[in-house]
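The shown structure was predicted, so the numbers you read here are calculated from the model rather than taken from an experiment. Just so we're on the same page: letters track the sequence lines, and every chain starts at 1.
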2 protein chains.
Amino acid sequence: MASRRHVIADDLRTQISSGRFKAGERLPSEAQLAARYAVSTPTLRNALALLQGEGVVEKVHGRGNFVRHPIRRITYFGGGHTPDAKTATDAALRMSVRTTHLPARGDLTALLRVSVSSPLTEFLCISHAGKSPHSLARIYVPRDLAPADDPNGYTSCKEVWARLVELRPPLAEVQERVNARFPTPREAATLRISSALPVLAVTRVATDATGRVVEAARLVLPSDRADALFTHHTMSGDRRTEG
Amino acid sequence: MASRRHVIADDLRTQISSGRFKAGERLPSEAQLAARYAVSTPTLRNALALLQGEGVVEKVHGRGNFVRHPIRRITYFGGGHTPDAKTATDAALRMSVRTTHLPARGDLTALLRVSVSSPLTEFLCISHAGKSPHSLARIYVPRDLAPADDPNGYTSCKEVWARLVELRPPLAEVQERVNARFPTPREAATLRISSALPVLAVTRVATDATGRVVEAARLVLPSDRADALFTHHTMSGDRRTEG
DNA sequence: GAGTGGTCTAGACCACGAG
DNA sequence: TCGTGGTCTAGACCACTCA
């Protein structure tokens, strides 16, 4: 009982992996493909949406559907690594930062465990690879732990993070909650992805030894270009409950 | 530039959160809602798909769309916890296990770092809450680390895991790769979810002190009912690269 | 302006669930 | 059998990209 879109997606996938369509190449237009498979455009688009979700195909509005270069995926490393350590592993990634000051409100108060209107600093980080954005991070820290405004502005993410780490106490715990969802229209526009492409949403909360939340972050990773990787080393004597 | 489905989804969401539609209640049929909002059925279904992705609405084929009971989400705990520890946190969860023996093939050989046709044992675990399935796990272990077949069969997951843990050396590292994708048709049927609902896919690889892979697992968590949570404790002197 | 994908329409037919 | 959701059709119109 395979639906039509799956049959078409399977056929295109094998044609791509067999080299019939090469990486970076543009596929025939959706209208042509629909005619070739004798289906309507919505059905063909559903098939392409499957391949897009697998990271095999990339849709670009107004230009066409393109075969993705294989495994140009970025990996988010969880477990205490900062974006700085993350980007260090992939030098090809550019990252832009925008700093804003704002009062705590809504669910941010619960995340950071601060009272309403408590002063916060937001870092809006967008990483790019080539011309298209790859991931989006909104990082919140209490104002007193954020670097003072630099009249020159911070040009690089690295610079901001170096100052941030200077200011704050060592982290004791990093907790990351991960789920899959669709992007908000705003996120889809910022990341230039289809709103039908699921994203990996990571909510990261870092606390110091006193239990104070020193950083909360909301990361949005498009599923077609990013994974998250969590590594846990079991120390001797630290065997978790396994029986 | 809010698309129609987002407007409708927003309206329904506020009606639900305001108590206009109560938890467990059935929404009007899609045809009725489409008429009320003066849109076509596909558009209304897109709006419902958004709410379904948020876990606000649950679709049941042949019966209707239902308002979900709030936050009946299960959490997958990453970082060295086994399913046993996971289920212990939520006693309401039933879990069924099916054991199969199979030779290593395809990407399983790479995951477990064994040669092709190397003997493996697969545990297919499906957790249920109430009558509907909640998550799916395929766990693979080398045959020599798997408990021998019990003529009585293992009735509970707990029993299987107790035997499994007896047999294997203590874990040294647990690595979990997480991404978001759409379920395969098979997964969608097993979990009784729509194939348009994204799932959280976790690939877990556990190695012992010698570097041998003692367990590989593929977990599928429907995004409307499950999160994954990773907690990392920074030991003193174990400050990760942060500068 | 030509060609592309993005969204939507107003139906059709099939598959599922319950009485 | 009936009402439900699941899938699909054959268009339409708008937004974006590029020459």
Near-strand residues of residues 29-37 of chain A, defined as heavy-atom separation under 4.0 angstrom from DNA chain C:
A:S29, A:E30
By the 4.0 Å heavy-atom rule, please label B:N65 as base, sugar-phosphate, or nothing.
sugar-phosphate
Could you tell me whether the side chain of B:F66 reaches within less than 4.5 Å of the side chain of B:L27, counting heavy atoms only?
no
A:R26 side-chain N/O to C:dG3 phosphate OP1/OP2 under 4.0 Å
no
Within the structure shown, what part of the strands sits under 4.0 Å from B:R4 by heavy-atom distance: base, sugar-phosphate, or nothing?
sugar-phosphate
Which whole-number value in Å describes the distance from A:R45 CZ to C:dT7 C1'?
8 Å
Would you indicate what A:R5 reaches in the nucleic acid, counting non-hydrogen atoms under 4.0 angstrom: base, sugar-phosphate, or nothing?
sugar-phosphate
Heavy atoms from C-beta onward define the side chain here; which of C:dC8, C:dT9, D:dG6 lies closest to that of B:K59?
D:dG6
Holding to side-chain contact (heavy atoms from CB on, under 4.5 Å), I want the full list of residues that pass it with A:A31, two or more places apart in sequence or in another chain.
A:S29
D:dT7 C1' sits how many Å from B:L44 CG, rounded?
16 Å
Which pair of heavy atoms, one from B:P28 and one from B:L33, lies closest together, and at what distance?
O-CD1, 3.5 Å
How many whole angstroms separate atom CG of B:N46 from atom C1' of C:dA10?
15 Å
What integer distance in Å separates A:R63:CZ from D:dA19:C1'?
13 Å
Rounded distance (Å) that lies between atom C1' of D:dC16 and atom CZ of A:F66:
13 Å
Closest listed nucleotide, where the reference is the side chain of A:H61 and the choices are D:dT7, C:dT7, D:dC16:
D:dC16
Return whichever of B:S194 or A:T43 has its heavy-atom-nearest nucleotide of DNA chain D closer to the 5' end.
B:S194
Is it true that B:R138 and B:E122 make a salt bridge, defined as a side-chain N closer than 4.0 Å to a carboxylate O?
no
Look up atom CD in A:Q52 and atom CG in A:D224, then write down how far apart they are to the nearest 0.5 Å.
6.0 Å
Are the side chains of A:S195 and A:F182 in touch, meaning some heavy atoms are under 4.5 Å apart?
no
Determine whether B:R68 and B:E25 satisfy the following criterion, salt bridge (charged side-chain N to carboxylate O under 4.0 Å, His left out), listing intermediate values before the conclusion.
CA-CA 8 Å; B:R68 294 277 304 278; B:E25 198 175 328; over 6 Å; no
Pairing of B:R181 and A:E54 as salt bridge, 4.0 angstrom limit:
no
Taking DNA chain D as the partner, which of residues 8-17 of chain B come within under 4.0 angstrom of it by heavy atom?
none
Taking any heavy-atom pair under 4.0 Å as a contact, classify B:T41: base, sugar-phosphate, or nothing.
base
Which whole-number value in Å describes the distance from A:Q52 CD to C:dG5 C1'?
11 Å
Would you call A:E30-A:K59 a salt bridge at under 4.0 Å N-O?
yes
Take atom CG of A:L197 and atom C1' of C:dG6, then tell me their distance rounded to the nearest Å.
15 Å
Do the side chains of A:D107 and A:R218 get close enough for a salt bridge, i.e. N-O under 4.0 angstrom?
yes
